[in-house]
Amino acid sequence: METAYRDLTCGDARLSHVGREVALAGWVHRRRDLGQLIFLDLRDRYGITQVVIDRHDAPEAHTVGADVRTEFVVRARGVLAKRLAGTENAKLATGDVELRVQDLRVLSTAKTPPFPINEPDAEVDDALRLKYRYLDLRREPMQKRLLLRSRLVHAIREVHHAAGFVEIETPLLIKATPEGARDFIVPSRLQPGSAYALPQSPQQLKQLLMVSGFDRYFQIARCLRDEDLRGDRQPEFTQLDLEMSFVTEADVMAFVERMVIEVSRSVTPERPIANDPFPRMTYREAIDRYGSDKPDIRYGLELHSLADVAAGSGFRVFDETLDGGGVVYGFAAPGMAGAPRSRLDELTEDAKRHGARGLIWMALEEGGTIRSPIAKFLVEGRAAAIVAAVGAKPGDLVLIVAGDDIHAQEALGRLRVDCAARLGLGDPDVLSYLWVNRFPMYQWDADGHRWDATHNPFSGVLPEDEELLATSSGDPSDPSPGDPAGRARALQYDIVLNGWELGGGSIRIHRRELLERSFLLMGHSEKAQREKFGGILEAFEYGPPPHGGIALGIDRWAALLTYQTNIREVMAFPKTQSGTDLMLEAPSPVDPALLDELGLALKPRKKPDA
RNA sequence: GGGCCCGUGGUGUAGCGGCCCAACAUGCCAGCCUGUCACGCUGGAGAUCGCCGGUUCGAAUCCGGUCGGGCCCGCCA
């Protein structure tokens with residue numbers, strides 16, 4: 001890292017360098033002025049080196065050093081020396097040595113920063129961090145995370161190139177996609193009245209590359225979606241996008257699994273990978289056992305159906321739910337029987353927030369008595385049967401949700417995650433990867449009165465379910481919620497890491513007639529198909545190979561690998577939850593002349609009538 | 001579109017109707033100090049308590065609105 005300004009970085013100096021005359025350059029991390037003697041901790045992204053300025057040895061440098069302040073950029077030249085016995089600093093990699101300064105130059109001065117750069121643990125208001133993002137990024141935690149992210153992307157590229165993948169860039173100015181999220185729109189100056197859309201993902205383009213014969217493609221691709229933000233969602237984010245030809249589901253999963261393991265071991269060698277090979281479970285199993293299609297399996301707390309043991313209990317909620325074809329599920333939260341009423345009320349509120357109509361609890365006291373709002377319905381045998389069904393032990397709290405459908409299981413699944421967090425379950429160091437597949441092809445869209453792709457409209461169907469791509473009316477353009485199509489399972493697979501959806505993909509439909517049938521079910525008439533997907537449908541008339549792929553969220557992956565739950569922490573310049581960039585002050589009004597050229601007028605936000 | 005939380009010297013917090021022209025820590029400025037490493041010691045400056053309006057004899061404190069940030073639901077794969 002030698003340059004005209006420096007011979008070593010601030011992380012390089014070791015005992016082996018002692019005696020050498022060197023120059024260092026960096027930011028003043030801290031200054032300790034003892035009068036005749038000044039210590040500067042000089043920092044760059046590689047580390048910190050102590051610089052000593054002794055007035056007797058270097059009076060001119062001492063004068064400069066007296067005026068130096070935190071975050072000034074300086075260049076110090078001198079002799080690298082072994083520290084005096086007893087003054088070594090074990091906390092620094094460079095702590096056995098120090099630079100005895102002969103010459104000190106200020107390369108640039110700095111105002112007092114708006115928040116401490118030199119205290120890694122300092123809590124700083126998010127808005128302030130984002131406004132001065134360049135200073136936030138100067139802090140050690142952000143440096144570490146972005147460096148890890150860089151290693152992550154590097155490792156991904158290495159593995160893919162080694163496996164014969166071709167890295168191809170796809171355009172950002174493309175055509176709006178009718179499915180999925182809201183598109184960002186870019187008006188066209190050359191084609192007045194028309195607009196480009198920014199890609200939600202390179203989905204169609206990568207499939208076209210398969211038609212072109214690039215049988216192994218990948219890209220670290222920016223994706224843009226104009227939807228509301230969350231901690232794990234930004235309007236622009238990055239995916240590892242890949243697609244392969246002449247593959248089955250097993251082929252894609254096998255490659256991705258090896259790739260993920262290799263990359264994880266390379267980037268975070270100290271973190272254990274829970275399972276190799278990754279466990280695989282069907283969507284149905286994930287929902288039934290964990291109430292989630294992205295279960296965190298680092299801990300148990302599995303859900304159990306109580307349909308058999310709750311039937312005919314005399315408790316109206318159970319009986320009516322089960323008679324109506326609904327579900328009753330429960331799980332045992334270990335050691336939570338002593339939870340006070342207030343805590344149980346909180347859990348009930350959480351369950352409601354997660355979409356349950358209510359929550360039933362049974363606390364198994366150590367003495368064997370059961371405390372529960374439905375105690376009077378729990379005649380002896382029934383209570384024991386429920387306890388047995390969920391595998392509860394004395395001291396456990398059994399949580400039960402009844403409801404019409406999958407939403408009850410999902411609500412309970414979220415309670416499971418809440419309880420696990422509260423109980424401190426799940427080793428935070430472990431990387432627990434998991435495959436979930438056999439997702440339903442479609443979900444019923446009541447508003448649009450059509451079937452909607454659960455994931456991707458091009459996802460293929462399990463061969464044995466192909467005949468289910470039909471409506472009960474016999475006319476694919478006349479769908480209804482009871483259609484066989486609702487039971488069809490997709491060749492769709494998600495990869496899950498510690499309870500987060502890391503990525504998802506599918507084997508695509510490459511046979512045109514099947515694709516058209518699927519599109520009809522999703523409410524796209526042949527005419528609409530031409531308009532919306534004409535390009536790719538035409539391409540599929542020219543020998544599309546069987547193909548499939550996957551996309552992994554790089555931001556989420558980097559966040560999980562750095563113990564973060566918010567992807568902003570692994571993005572250099574993220575936006576706020578309201579989609580603004582506080583540093584650049586974007587979005588902003590646009591020069592009227594430019595708008596005019598584009599044939600645009602921007603309407604200001606509607607104000608309530610005055 | 002909706003719910004909840006936060007906004008007080010540069011920073012992080014305390015104060016939550018009068019004890020407050022606001023406290024503590026840190027940072028900042030000045031002086032002293034030759035082995036510090038979160039250096040130490042002494043002194044000092046620094047806040048119309050996000051903004052607007054209201055209630056009140058009196059508002060950082062209560063109420064309404066607004067702006068900004070965060071978490072969540074809807075939305076989103």
Side-chain angles (χ1 to χ4, degrees), chain A residues 29-42 48-57 62 66-67 69-71 81 83-92 94-95 98 100 111-132 135 179-183 200-201 203 223-235 237 239 293-294 349-350 352-355 411 414 436 439 443 452-457 459 492 494-496 500-506 550-553 556 565-566 568 575-578 580 582 585 605 607-608:
Chain A
H29 188 67
R30 232 173 256 287
R31 190 176 75 107
R32 292 178 293 281
D33 186 345
L34 277 62
Q36 306 279 43
L37 198 63
I38 299 171
F39 294 94
L40 298 181
D41 289 340
L42 208 57
I48 291 175
T49 300
Q50 174 164 279
V51 164
V52 197
I53 312 160
D54 188 323
R55 191 171 176 184
H56 288 301
D57 298 341
H62 186 273
D67 287 333
R69 291 295 180 267
T70 304
E71 300 307 318
R83 288 201 189 186
L84 301 181
T87 66
E88 301 87 354
N89 185 347
K91 286 184 231 161
L92 294 180
T94 62
E98 62 193 9
R100 302 262 166 82
K111 298 207 293 191
T112 301
F115 49 80
I117 310 290
N118 54 14
E119 293 173 24
D121 300 329
E123 296 247 342
V124 183
D125 182 71
D126 278 322
L128 203 61
R129 289 179 61 196
L130 291 174
K131 179 169 181 195
Y132 297 95
L135 293 180
E179 296 283 325
R182 202 173 286 119
D183 288 308
Q200 299 175 25
S201 78
Q203 182 62 36
C223 305
L224 301 108
R225 294 176 190 168
D226 188 8
E227 293 292 345
D228 286 359
L229 276 43
R230 286 288 189 286
D232 62 348
R233 279 169 15 204
Q234 282 273 309
F237 59 100
Q239 283 188 344
D293 62 357
K294 44 180 189 292
E349 283 309 304
D350 290 343
K352 285 181 180 165
R353 190 158 42 82
H354 295 153
R414 294 173 74 158
V436 176
F439 284 79
Q443 54 204 16
D452 192 12
T454 306
H455 280 77
N456 174 320
S459 289
Q492 159 76 33
D494 277 7
I495 184 166
V496 176
W500 277 34
E501 181 188 330
L502 186 60
S506 64
I550 195 168
L552 271 65
R556 288 184 181 181
T565 54
N566 194 313
R568 281 193 299 257
K575 291 179 176 56
T576 67
Q577 193 158 40
S578 50
T580 62
L582 297 178
E585 296 182 319
R605 181 196 303 272
K607 292 274 180 197

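Basis for what follows: all heavy atoms, side chains included, without hydrogens, waters or symmetry-related copies. Below, chain A is the first sequence line, B the second, and so on; all start at residue 1.
- When the P atom is compared between B/rC39 and B/rC28, the two are found 10 Å apart, to the nearest whole Å.
- Using a 4.0 Å cut-off, no side-chain N or O of A/K111 falls inside it from OP1 or OP2 of B/rG10.
- Within the 4.0 angstrom heavy-atom criterion, only backbone atoms of the sugar-phosphate kind lie near A/N566; the bases stay farther away.
- At a threshold of 4.0 angstrom between heavy atoms, the contacts of A/D54 include nucleobase atoms, whether or not backbone atoms are also involved.
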Please test A/V52 against A/L37 for side-chain contact (heavy atoms from CB on, under 4.5 Å), starting from the C-alpha separation and ending with a verdict. CA-CA 7 Å; A/V52 197; A/L37 198 63; 3.7 Å; yes

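- Atom CG in A/L130 sits about 9 Å away from atom C1' in B/rG69, given to the nearest Å.
- For the pair A/R32 and A/D41, the minimum side-chain heavy-atom distance is below 4.5 Å.
- Among the heavy atoms of the strands, none lies under 4.0 Å from A/N456.
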Pair A/R568-A/T576, side-chain contact (heavy atoms from CB on, under 4.5 Å): steps then yes or no: CA-CA 9 Å; A/R568 281 193 299 257; A/T576 67; 6.0 Å; no

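- Note on A/R233: every side-chain N or O is 4.0 Å or more away from OP1 and OP2 of B/rC75.
- Base contact: A/D228 has a heavy atom under 4.0 Å from a base atom.
- A/R31 is linked by a side-chain hydrogen bond (donor to acceptor under 3.5 Å, both in side chains) to A/D33, counting only residues two or more places apart in sequence or in another chain.
- B/rC19 sits 43 Å from B/rC37 when the C1' atoms are compared, rounded to a whole Å.
- In this structure, A/Q234 has no side-chain hydrogen bond (donor to acceptor under 3.5 Å, both in side chains) partners at least two apart in sequence or on a different chain.
- Using a 4.0 Å heavy-atom distance criterion, A/R225 is classed as a sugar-phosphate-only contact.
- Side-chain N/O atoms of A/R32 include one lying less than 4.0 angstrom from OP1 or OP2 on B/rC39.
- B/rG64 and B/rC71 have their P atoms separated by 25 Å, with the value rounded to a whole Å.
- A distance of about 12 Å separates the P atoms of B/rU13 and B/rC6, rounded to the whole Å.
- Among the heavy atoms of the strands lying under 4.0 Å from A/R568 are primed sugar atoms or P, OP1, OP2 only; no base atom is included.
- For A/Q577 and B/rC71, the shortest distance from a side-chain N or O to OP1 or OP2 is below 4.0 Å.
- Residue-level contact check: A/E88 touches the bases, meaning some heavy atom is under 4.0 Å from a base atom.
- A/V51 pairs by the side-chain contact (heavy atoms from CB on, under 4.5 Å) definition with A/L40, A/L42, A/I53, A/A76, A/L99, A/V101, not counting sequence neighbours.
- Rounding to whole angstrom units, CG of residue A/D350 and C1' of B/rG3 are separated by 14 Å.
- At least one side-chain nitrogen or oxygen of A/R230 sits closer than 4.0 Å to the OP1 or OP2 atom of B/rC73.
- As rounded to whole Å, 12 Å separates atom C1' of B/rC33 from atom CZ of A/F39.
- Looking at heavy-atom distances under 4.0 Å, A/G231 makes contact with sugar-phosphate atoms alone, never a base.
- Residue A/R69 is classed as a sugar-phosphate contact, given heavy-atom separations below 4.0 Å to backbone atoms only.
- Contact annotation for A/E98: base contact, defined as any heavy-atom pair under 4.0 Å involving a base atom.
- Residues forming a side-chain hydrogen bond (donor to acceptor under 3.5 Å, both in side chains) with A/S506 (at least two apart in sequence, or on another chain): A/S459, A/R508.
- Electrostatic pairing of A/R100 and A/E98 counts as a salt bridge here, judged by a charged N lying under 4.0 Å from a carboxylate O.
- Using a 4.0 Å heavy-atom distance criterion, A/S201 is classed as making no nucleic acid contact.
- A close approach under 4.0 Å does occur between a side-chain nitrogen or oxygen of A/R30 and OP1 or OP2 of B/rC39.
- Spacing between B/rA47 and B/rC24 at atom P, rounded to whole Å, works out to 16 Å.
- Nucleotide B/rC4 is matched to B/rG70 when pairs are restricted to Watson-Crick or G-U wobble geometry with both distances under 3.5 angstrom.
- Contacts of A/L582 with the nucleic acid, taken as non-hydrogen atoms under 4.0 Å apart, involve only primed sugar atoms and P, OP1 or OP2.
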Please write out each protein N/O paired with an N/O of nucleotides 41-49 of chain B under 3.5 Å, distance rounded to 0.1 Å.
none

Are there any protein N/O atoms within less than 3.5 Å of an N/O atom in nucleotides 12-15 of chain B, and if so, which ones and at what distance?
unit_1 : atom_1 : unit_2 : atom_2 : d
B/rG12 : OP1    : A/D125 : N      : 3.0

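- When the side-chain hydrogen bond (donor to acceptor under 3.5 Å, both in side chains) test is applied to A/N118, no partner is found at least two apart in sequence or on another chain.
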Run the side-chain contact (heavy atoms from CB on, under 4.5 Å) check on A/H62 and A/I38 step by step: do they pass? CA-CA 7 Å; A/H62 186 273; A/I38 299 171; 3.7 Å; yes

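- Rounded to whole Å, the separation between the C1' atoms of B/rC72 and B/rG58 comes to 39 Å.
- With no hydrogens or angles considered, no side-chain donor-acceptor pair links A/Q36 and A/D54 at under 3.5 Å.
- Taking 4.0 angstrom as the limit, A/T112 places none of its side-chain polar atoms (N or O) nearer than this to OP1 or OP2 of B/rC29.
- B/rA25 is paired with B/rU11 under the Watson-Crick or G-U wobble criterion, all donor-acceptor distances under 3.5 Å.
- Looking at heavy-atom distances under 4.0 Å, A/G180 makes contact with sugar-phosphate atoms alone, never a base.
- Using modelled atom types, one finds no donor on one side chain facing an acceptor on the other under 3.5 Å when comparing A/Q50 with A/N89.
- Applying the 3.5 Å distance criterion, the base of B/rG27 shares no donor-acceptor pair with the side chain of A/E119.
- At the heavy-atom level, A/T576 lies under 4.0 Å from the strands shown only through sugar-phosphate atoms.
- A close approach under 4.0 Å does occur between a side-chain nitrogen or oxygen of A/T580 and OP1 or OP2 of B/rG69.
- Comparing B/rG44 with B/rG7, their P atoms sit 31 Å apart, to the nearest whole Å.
- Pairs passing the salt bridge (Lys or Arg N to Asp or Glu O under 4.0 Å) check and including a residue from residues 224-233 of chain A, sequence neighbours excluded, read A/R182-A/E227, A/D232-A/R556.
- The interatomic distance linking A/R31 (CZ) with B/rU26 (C1') rounds to 17 Å, in whole Å.
- Summarising the geometry, the separation between CG on A/D232 and C1' on B/rC75 is reported as 13 Å, rounded to the nearest angstrom.
- Taking the C1' atom of each, B/rG46 and B/rA22 are spaced 13 Å apart, rounded to whole Å.
- Sequence order on RNA chain B of the closest nucleotides to A/L229 and A/A181 puts A/L229 first from the 5' end.
- In this structure, A/D33 places its CG atom 10 Å from C1' of B/rC32, rounding to the nearest Å.
- Under the rule for a side-chain contact (heavy atoms from CB on, under 4.5 Å), the partners of A/A127 that lie at least two apart in sequence or sit in another chain are A/D125, A/L582.
- In this structure, A/F115 does not pack face-to-face on the six-membered ring of B/rU11, missing the 5.5 Å centre cutoff or the 30° plane limit.
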